[in-house]
Amino acid sequence: MIKLDIPKKFYITTPIYYLNGKLHLGHAYTTIVADCFARYYRLLGSDVFFLTGTDEHGLKIQHAALEKNMSIESFLEDIYINVKSLWKELNISYDYFIRTTDKNHIDTVTKIINIMKNKGDIYKGFYEGYYCKSCEAFYTDKDIINNKCPEGHDVFLEKEEAYFFKLNKYQDFLLDFYNKNPSFLKPDKRKNEIINFVKNGLDDLCISRKNVTWGIKLPFDNNFTIYVWLDALFNYVSALGYPDSDNFKKYWPVDFQLMGKEIYRFHTVYWPIFLKSVDLEIPKIEFAHGWWTSEGKKMSKSFGNVVYVQDYIDKYGVDAFRYYVLREISFGEDGSFYKSNFIDRINTDLVANIGNLVSRVTSLAIKRNKEEGFEFYKDEIFVKIVEQKIELIHSLYQSKELTKVVSEIFTLSSIANKYVQDKEPWVLLKENVDEFDKVIYVLLETIRIIAVELSPILTNSWKKILYQLGIDFENKANLKLEFTNICSKKKIIKGNHLFEKIDN
RNA sequence: AGCGGGGUGGGGCAGCCUGGAGUGCCCGUCGGGCUCAUAACCCGAAGGUCGUAGGUUCAAAUCCUACCCCCGCUACCA
């Protein structure tokens with residue numbers, strides 16, 4: 001009997017995506033990873049809340065809409081529909097989709113910033129920077145080359161009134177917080193980067209924009225728009241219905257926040273400080289994953305190496321795509337998308353390992369021609385190995401070692417393949433049918449476990465596996481992660497191949 | 001420039017924090033086995049002075065120092 005420690009609730013988020021163009025591999029990757037965790041904890045019976053959404057304020061949105069000659073509203077509506085449909089195709093099981101233009105979100109941010117103001121964390125001062133009249137934006141030193149902005153316009157050093165947040169006041173608090181919560185900054189390799197940054201001293205943060213009109217107004221001074229990051233970060237709070245809703249009481253704080261490394265600092269420096277300022281609990285884990293390159297190079301249209309998610313889904317199916325991105329990159333590291341690797345992964349892991357296992361075992365089972373199905377049998381030694389794998393996979397989920405989770409599931413499948421080889425059931429079928437029945441039962445139940453373990457990853461195929469085992473996959477009782485008698489007396493149904501080999 | 005990460009058999013990666021025989025995984029190559037299965041599955045082998053040079057230690061891929069090469073970050077870019 002195995003025991004997994006299961007969190008009562010699990011609140012997981014992706015960033016809200018800021019889109020002035022199309023979704024790319026990175027967005028899909030973050031969201032698939034989050035979905036995989038959400039599905040796993042749901043499977044265990046945790047009360048899961050999985051949030052994603054879109055960030056819809058800011059100057060770039062304003063400009064992008066203008067360029068397309070569209071109203072901001074209809075520009076955003078297009079993006080929203082686009083994102084939702086891709087998430088649907090990728091089988092993303094989010095519980096809520098937030099848009100920062102939602103009234104509820106705007107109200108929340110307004111409320112929050114008033115609290116900060118009342119606490120004395122916001123003051124009025126002067127912002128100095130290089131201003132570009134054409135872009136209507138301030139730039140920092142590093143953006144400026146020969147007194148030109150990145151777009152090539154002339155810039156001028158300007159000074160204007162602005163509101164600031166007292167970041168500096170919280171510097172010591174933050175360092176102390178990192179110290180007391182060693183699992184907050186994940187993976188470990190990012191820890192020092194952030195700590196050093198904070199130790200070098202935090203300047204107060206300008207949280208108002210005069211030149212940006214598309215955003216939330218500062219409630220105490222309507223001439224200004226709130227800095228988009230302050231706006232955006234609080235989506236995680238407003239999505240739950242802060243402050244009085246049942247959801248907020250039930251799910252806050254966030255258990256696991258996922259993001260690309262480029263926005264890690266915002267989530268690990270500003271964000272906890274903002275929360276402290278308004279006396280809210282700080283999330284448990286901020287996890288930055290790496291970036292994808294393609295064919296060993298940075299993705300770009302001129303190289304012609306851009307990975308279009310939709311193409312892969314259309315050609316090879318969602319499961320293959322989800323599997324590849326979860327398996328290929330070492331979670332937290334950068335990784336490279338190689339088409340040839342993609343094909344190899346599908347052919348060796350999905351087709352030859354799992355697909356073939358299911359195929360050979362169901363074939364053997366059917367050859368026995370047993371209408372009434374197979375009796376429960378437990379091979380103690382082998383089952384022990386299977387149960388240890390279940391526990392290992394669980395602990396890997398807990399420690400957020402996702403790539404290892406995936407590879408261990410396939411190791412389990414390899415172990416089952418080896419069991420077939422060692423027991424030679426095709427011989428037993430002729431010489432010892434009692435033993436044959438036992439071996440097959442062990443294999444059927446192991447395959448059931450593998451299918452359940454795969455359910456957060458291969459969101460379609462796992463159902464096909466259970467169907468072939470004669471098991472109702474919609475009945476949650478059949479999805480136990482332990483060696484059980486669920487497979488006993490089930491009629492095996494020979495189905496099509498789970499995955500087709502890709503020729504190349 | 002500063003800070004951080006990386007350099008491991010032909011390719012792609014783990015391992016390094018908490019030293020213990022180059023350990024492991026996937027692909028590829030070679031040999032064998034099996035015939036239930038999607039030319040799939042199982043076993044075995046070849047192949048690495050673990051970026052370079054020093055140091056600590058009985059013992060270093062792992063700890064320390066210097067250097068070389070690659071890549072990130074350096075804040076209000078949302």
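Keep in mind that the numbers below use all heavy atoms, side chains included, and drop hydrogens, waters and symmetry copies. Order of the sequence lines fixes the chain letters, A, B, ..., with proteins taken first and strands second; residue numbering starts at 1 for each chain.
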If you measure from the Lys or Arg side-chain nitrogens to the Asp or Glu carboxylate oxygens, is any gap between A:Lys438 and A:Asp434 under 4.0 Å?
no
Rounded distance in Å between the P positions of B:rG15 and B:rU62:
15 Å
Pairwise P distance, B:rU56 and B:rG9 [rounded to whole Å]:
28 Å
Using the C1' atom as the point on both nucleotides, what is the distance between B:rA21 and B:rG54, in whole Å?
24 Å
Atom pairs and distances, side-chain donor-acceptor, residues 353-361 of chain A, under 3.5 Å, sequence neighbours left out:
{"from": "A:Asn353", "atom 1": "OD1", "to": "A:Ser413", "atom 2": "OG", "distance (Å)": "2.5"}
{"from": "A:Asn353", "atom 1": "OD1", "to": "A:Asn417", "atom 2": "ND2", "distance (Å)": "3.4"}
{"from": "A:Asn353", "atom 1": "ND2", "to": "A:Phe410", "atom 2": "O", "distance (Å)": "3.4"}
{"from": "A:Asn353", "atom 1": "ND2", "to": "A:Ser414", "atom 2": "OG", "distance (Å)": "3.2"}
{"from": "A:Arg360", "atom 1": "NH1", "to": "A:Asn417", "atom 2": "OD1", "distance (Å)": "2.8"}

Donor-acceptor pair, A:Tyr17 side chain versus A:Thr52 backbone, under 3.5 Å?
no
Tabulated below should be each protein N or O lying under 3.5 Å from an N or O of nucleotides 32-38 of chain B; please produce it.
{"from": "B:rC36", "atom 1": "O3'", "to": "A:Lys367", "atom 2": "NZ", "distance (Å)": "2.9"}
{"from": "B:rC36", "atom 1": "O2'", "to": "A:Arg360", "atom 2": "O", "distance (Å)": "3.4"}
{"from": "B:rC36", "atom 1": "O2", "to": "A:Arg360", "atom 2": "NE", "distance (Å)": "3.0"}
{"from": "B:rC36", "atom 1": "N3", "to": "A:Arg360", "atom 2": "NE", "distance (Å)": "3.4"}
{"from": "B:rC36", "atom 1": "N3", "to": "A:Arg360", "atom 2": "NH2", "distance (Å)": "2.6"}
{"from": "B:rC36", "atom 1": "N4", "to": "A:Arg360", "atom 2": "NH2", "distance (Å)": "3.2"}
{"from": "B:rA37", "atom 1": "OP1", "to": "A:Lys367", "atom 2": "NZ", "distance (Å)": "3.3"}
{"from": "B:rA37", "atom 1": "O3'", "to": "A:Ser359", "atom 2": "OG", "distance (Å)": "3.4"}
{"from": "B:rA37", "atom 1": "O2'", "to": "A:Asn356", "atom 2": "OD1", "distance (Å)": "2.5"}
{"from": "B:rA37", "atom 1": "O2'", "to": "A:Ser359", "atom 2": "OG", "distance (Å)": "3.3"}
{"from": "B:rA37", "atom 1": "N1", "to": "A:Arg360", "atom 2": "NH2", "distance (Å)": "3.3"}
{"from": "B:rA37", "atom 1": "N3", "to": "A:Asn356", "atom 2": "ND2", "distance (Å)": "3.3"}
{"from": "B:rA37", "atom 1": "N3", "to": "A:Arg360", "atom 2": "NE", "distance (Å)": "3.1"}
{"from": "B:rU38", "atom 1": "O4'", "to": "A:His497", "atom 2": "NE2", "distance (Å)": "3.3"}
{"from": "B:rU38", "atom 1": "N3", "to": "A:Phe499", "atom 2": "O", "distance (Å)": "2.8"}
{"from": "B:rU38", "atom 1": "O4", "to": "A:Leu498", "atom 2": "N", "distance (Å)": "3.3"}
{"from": "B:rU38", "atom 1": "O4", "to": "A:Phe499", "atom 2": "N", "distance (Å)": "3.4"}
{"from": "B:rU38", "atom 1": "O4", "to": "A:Phe499", "atom 2": "O", "distance (Å)": "3.2"}

Base paired to B:rC41 (Watson-Crick or G-U; both N/O distances under 3.5 angstrom):
B:rG33
So what does A:Gly201 hit on the nucleic acid, given a heavy-atom distance under 4.0 Å: a base, only sugar-phosphate, or nothing?
base
Count the heavy atoms belonging to other residues, nucleotides or ligands that lie under 6.0 Å from CZ of A:Phe220, then report whether that count exceeds 12.
yes
Find the distance A:Ile263:CD1 to B:rC73:P and express it as a whole number of Å.
13 Å
Measure the distance from CZ on A:Phe410 to P on B:rC41 and round it to the nearest whole Å.
13 Å
Report yes if a side-chain nitrogen or oxygen of A:Arg209 is closer than 4.0 Å to either non-bridging phosphate oxygen (OP1 or OP2) of B:rC77; otherwise report no.
yes
Any salt bridge between A:Lys186 and A:Glu286, counting N to O under 4.0 Å?
no
Aromatic ring pairing A:Phe436/A:Phe374, orientation class (parallel under 30°, perpendicular over 60°, tilted between)
tilted
Taking the P atom in each of B:rU18 and B:rG33, what is the distance between them to the nearest angstrom?
49 Å
Whole angstroms only, please: what is the CG-P distance between A:Asn353 and B:rC26?
9 Å
For B:rC64 and B:rC17, measure between their P atoms and round to the nearest Å.
9 Å
From CD1 of A:Ile194 over to C1' of B:rU74, roughly how many Å is that when rounded to an integer?
11 Å
Would the number of heavy atoms belonging to other residues, nucleotides or ligands and lying under 6.0 Å from NZ of A:Lys276 be above 12?
no
Around atom NZ of A:Lys494, are there more than 12 heavy atoms of other residues, nucleotides or ligands at under 6.0 Å?
yes
Would you mind reporting whether A:Asp102 and A:Asp107 have side-chain heavy atoms less than 4.5 Å apart?
no
Using the P atom as the reference point in each nucleotide, state the distance between B:rC42 and B:rC63 in Å, no decimals.
35 Å
For A:Lys117, is there an ion pair with A:Asp121 - N to carboxylate O distance below 4.0 angstrom?
no
More than 12 heavy atoms from other groups under 6.0 Å of NZ on A:Lys68:
no
Give me the distance, rounded to whole Å, that separates B:rU49 from B:rA61 when you measure between the C1' atoms they each carry.
12 Å
Which residue lies toward the 5' end of RNA chain B, A:Ile207 or A:Glu328, if each is placed at its nearest nucleotide?
A:Glu328
What is the nucleic acid contact for A:Ser407, judged by heavy atoms within less than 4.0 Å: base, sugar-phosphate only, or nothing?
nothing
Atom CG of A:Asp334 and atom C1' of B:rG6 are separated, to the nearest Å, by 10 Å
Applying a 3.5 Å limit to both distances, which nucleotide forms a Watson-Crick or G-U wobble pair with B:rU56?
none
Just to be sure I understand the rule, does A:Tyr227 reach a base, reach only the sugar-phosphate, or reach nothing, if contact means heavy atoms closer than 4.0 Å?
sugar-phosphate
Measure from the side-chain heavy atoms of A:Ser414 and tell me the nearest of B:rU74, B:rA78, B:rC42.
B:rC42
With rounding to the closest Å, how many angstrom separate the C1' atoms on B:rC73 and B:rA59?
38 Å
Mind checking if A:Arg345 touches a base, just sugar-phosphate, or nothing, with heavy atoms under 4.0 Å?
sugar-phosphate
For B:rG2, what is the paired nucleotide under Watson-Crick or G-U wobble rules, both distances under 3.5 Å?
B:rC73
Should B:rU23 form a Watson-Crick or G-U wobble pair with both distances under 3.5 Å, which nucleotide is its partner?
B:rA14
Lys/Arg cation over aromatic A:Tyr467: A:Lys463, 6.0 Å, 45° cone
no
Could you check how far CD1 of A:Ile502 sits from C1' of B:rA40, rounded to whole Å?
16 Å
Testing B:rA78, B:rC42, B:rA14 for proximity to the side chain of A:Ser330, the answer is B:rA14
Between the protein and nucleotides 27-31 of chain B, which nitrogen or oxygen pairs come in under 3.5 angstrom?
{"from": "B:rC27", "atom 1": "O2'", "to": "A:Asp344", "atom 2": "OD2", "distance (Å)": "3.3"}

Give the rounded distance in Å between these two atoms: CZ of A:Phe342 and P of B:rG11.
24 Å
Rounding to a whole Å, what distance do you find between A:Trp229:CH2 and B:rC77:P?
12 Å
